[in-house]
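Written below as structure tokens is the structure these notes are about.
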Amino acid sequence: MDLTPAKGSSVLNDPAPINKSRLGIHSGLLSCPQSGNSFSSGMLTIPRKKPGKLEDVRSNAWLDAMKASSPPRKKILKDLNGDFPSEDDIAYHAWMVKYPSALSSFELIMNRIKNRKIVMFLDYDGTLSPIVEDPDRAFMSSDMRSTVKSVAKYFPTAIISGRSRDKVFELVGLNELYYAGSHGMDIMFPVIAEKSMNHLNYTKFTDKQGKEVTLFQPAHEFVPMIDEVFRTLVEITEDIEGAKVENHKFCAAVHYRNVDENSWPTIAQRVHDLLKDYPRLRLTYGRKVFEVRPIIDWNKGRAVEFLLETLGVGHSEEVLPIYIGDDRTDEDAFKVLRDGSQGFGILVSTVPKESDAFFSLRDTSEVKKFLKSLVRMKEHEAL
Ligand SMILES: O=P(O)(O)OC[C@H]1O[C@H](O[C@H]2O[C@H](CO)[C@@H](O)[C@H](O)[C@H]2O)[C@H](O)[C@@H](O)[C@@H]1O
């Protein structure tokens, strides 16, 4: 198990629960609150009653969304005699009928793989590293790192993160991977032919190892705006205890995980008011975090499509992309794979959630087990 929290941090779990009536379980049986919002595209845009005008956070869905995106941690009720499963266990098992465990479905997955080549896409926070209070201490274990390294030996592997590309590279530290930071708005991959480069969004670049790489940055023109917004966000949240702002270059994150719930309306109102001045920016929700990002048609799903094209396997029947992620922003990638009938998503969650993924895994330790099983399968083939 690699769930040992980083020193000074505790491993947390704050998923958005599913509407349990969908599970065919009588609501009276279940204690978990229902989410008031649906996040059809994997993200919630700022609610606007009149076009172009943002309403007060108290009179719109902001606070509901903050709560729905991060309900209080549920107490896992264990029957004292251990004879009966808790309500939460019943709900989770019912949910797993629709989203079976990728571990117990491993043979089925192997059948789907057959002779096809896997391309592996991995989210970082909540997938490779457990959720902890301090985003700067979200380290992956060395066992997880060596597992990902082994995966990359056999399959092209990409990390697709909401964090900045530099930061996620620093945390993962493996040169053999592709990296897409800022929710896919900053993609680094080996040099491609000059003629297929659109000069606005592509840049050639020599990395720290002296290797020539290409960067694809579809939101490059937003860098000064994000920088300005980042600085303002730092200023306007300075007096809110526990608030933390991160600059991911093409997007900014405002964390409220460590902010007292009584101050949530204040932080939401300030972010909301600031965004009135930036109509070209939008807001999405992650796990106890607001993400301020450019209004461009780009997300983790587009990044997956882009990387598959770049690898020259965009529509290949011989390729099976697998995406593992835990967050709403990963839903865009799950949807791309589901809609394209190419590959599948695996949702990492300890509670039932609506998803476009096909399979599920409970937590980072199950992610590691699944990845290790894939590696073993390849090792076995090589014998
Ligand atoms: O796309 P991801 O790699 O999953 O990144 C999404 C966000 O992850 C980080 O925040 C989340 O993880 C933190 C560490 O466990 C946790 O403290 C925080 O509450 C979570 O929201 C990262 O700090 C964000 O910038 C990313 O957008």
Side-chain angles (χ1 to χ4, degrees), residues 2-16 42-43 65-66 69-73 121-141 144 148 158-172 177-187 226 230 233-234 237 242-259 261 264 267 271 283-293 298-304 323-334 345-350 357 363-364 367:
D2 69 337
L3 283 174
T4 323
K7 205 167 168 236
S9 320
S10 54
V11 177
L12 305 168
N13 175 25
D14 60 348
M43 54 183 66
M66 282 172 91
S69 83
S70 46
R73 213 159 10 140
F121 295 98
L122 300 165
D123 166 54
Y124 183 76
D125 289 279
T127 298
L128 296 181
S129 73
I131 294 294
V132 292
E133 276 183 11
D134 180 357
D136 291 335
R137 302 196 60 81
F139 304 120
M140 67 195 277
S141 67
M144 180 67 100
V148 174
I159 307 289
I160 316 258
S161 174
R163 290 179 182 262
S164 74
R165 181 175 45 77
D166 286 347
K167 183 70 194 176
V168 79
F169 177 76
E170 185 189 312
L171 289 164
V172 176
L177 312 182
Y178 294 83
Y179 288 90
S182 304
H183 297 288
M185 289 181 283
D186 189 4
I187 308 182
I226 293 291
F230 163 73
L233 284 168
V234 171
T237 57
K244 182 178 176 78
V245 188
E246 290 175 304
N247 186 348
H248 297 321
K249 192 167 177 180
F250 301 98
C251 54
V254 184
H255 291 273
Y256 55 90
R257 176 175 296 283
N258 301 318
V259 171
E261 208 169 319
W264 285 11
I267 193 166
V271 175
L283 187 115
T284 58
Y285 292 83
R287 296 176 72 162
K288 289 190 180 165
V289 66
F290 293 126
E291 321 233 38
V292 177
R293 42 206 275 189
W298 201 265
N299 52 41
K300 289 183 172 186
R302 297 293 304 276
V304 165
Y323 187 107
I324 312 182
D326 73 312
D327 208 347
R328 288 208 182 93
T329 58
D330 298 312
E331 289 294 330
D332 292 312
F334 297 152
I346 302 177
L347 174 68
V348 184
S349 181
T350 50
D363 51 28
T364 54
V367 171

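Order of appearance sets the numbers: ligands from 1, and atoms from 1 within every ligand.
- With ligand atoms numbered from 1 in the order given, ligand 1 contributes 27 (O) to contacts under 4.0 Å with heavy atoms of Glu291.
- Under 4.0 angstrom from ligand 1, the non-hydrogen atoms of Ala253 all belong to its side chain.
- Residue-ligand proximity, Glu133 to ligand 1, at heavy-atom distances under 4.0 Å covers atoms 17 (O).
- Of the candidates Asn258, Val132, Thr284, it is Val132 that places a heavy atom closest to atom 16 (C) of ligand 1.
- Across Asp326, Asp134, Ile131, Val245, heavy-atom proximity to atom 11 (C) of ligand 1 is greatest for Ile131.
- Distances below 4.0 Å separate heavy atoms of Ser161 from the following atoms of ligand 1: 1 (O), 2 (P), 3 (O), 5 (O).
- When the options Lys167, His255, Arg257, Arg287 are ranked by their closest heavy atom to atom 10 (O) of ligand 1, first place goes to His255.
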Go through it in stages, so that I can follow the logic: the residues are Leu177 and Leu122, the test is side-chain contact (heavy atoms from CB on, under 4.5 Å), and I'd like the CA-CA distance, side-chain angles, deciding distance and then a yes or no. CA-CA 10 Å; Leu177 312 182; Leu122 300 165; over 6 Å; no
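- A salt bridge links Lys300 to Asp330: one of the charged nitrogens lies within less than 4.0 Å of a carboxylate oxygen.
- Between Arg287 and Asp125 there is no salt bridge, since no side-chain N of the basic residue sits under 4.0 Å from a carboxylate O of the acidic one.
- Using a 4.0 Å heavy-atom cutoff, His248 is listed among the residues neighbouring ligand 1.
- Near Pro130, the atoms of ligand 1 lying under 4.0 angstrom from a non-hydrogen atom of the residue are 15 (O).
- Remark: side-chain polar atoms of Ser182 are paired, donor with acceptor, to backbone N or O of His248 under 3.5 angstrom.
- Close contacts between ligand 1 and Val289 involve ligand atoms 21 (O) [criterion: under 4.0 Å to a heavy atom].
- Less than 4.0 angstrom separates some heavy atom of Glu246 from each of these atoms of ligand 1: 22 (C), 23 (O), 24 (C), 25 (O).
- Heavy-atom separations between Gly325 and ligand 1 are all 4.0 Å or longer.
- Taking NZ of Lys167 as the start and CG of Asp136 as the end, the distance is 5.0 Å to the nearest 0.5 Å.
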Using the side-chain contact (heavy atoms from CB on, under 4.5 Å) rule, take Tyr124 and Met140 through it: C-alpha gap first, then chi angles, then the decisive distance, then the call. CA-CA 9 Å; Tyr124 183 76; Met140 67 195 277; 3.8 Å; yes
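- The closest side-chain heavy-atom distance from Thr329 to Asn299 is not below 4.5 Å.
- Relative orientation of the Trp264 and Tyr256 rings is perpendicular, given thresholds of 30° and 60° on the angle between their planes.
- Using a 4.0 Å cut-off to heavy atoms of Pro135, the atoms of ligand 1 that qualify are 14 (C), 17 (O), 23 (O).
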Full working for side-chain contact (heavy atoms from CB on, under 4.5 Å) between Val289 and His255: CA-CA 4 Å; Val289 66; His255 291 273; 3.6 Å; yes
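- The shortest N or O to N or O distance between Lys300 and ligand 1 is below 3.5 Å.
- Note that NZ of Lys244 is 9.5 Å distant from CG of Asn258, once rounded to the nearest 0.5 Å.
- Distances between N or O atoms of Thr329 and those of ligand 1 include no value under 3.5 Å.
- Residue-ligand proximity, Tyr124 to ligand 1, at heavy-atom distances under 4.0 Å covers atoms 3 (O).
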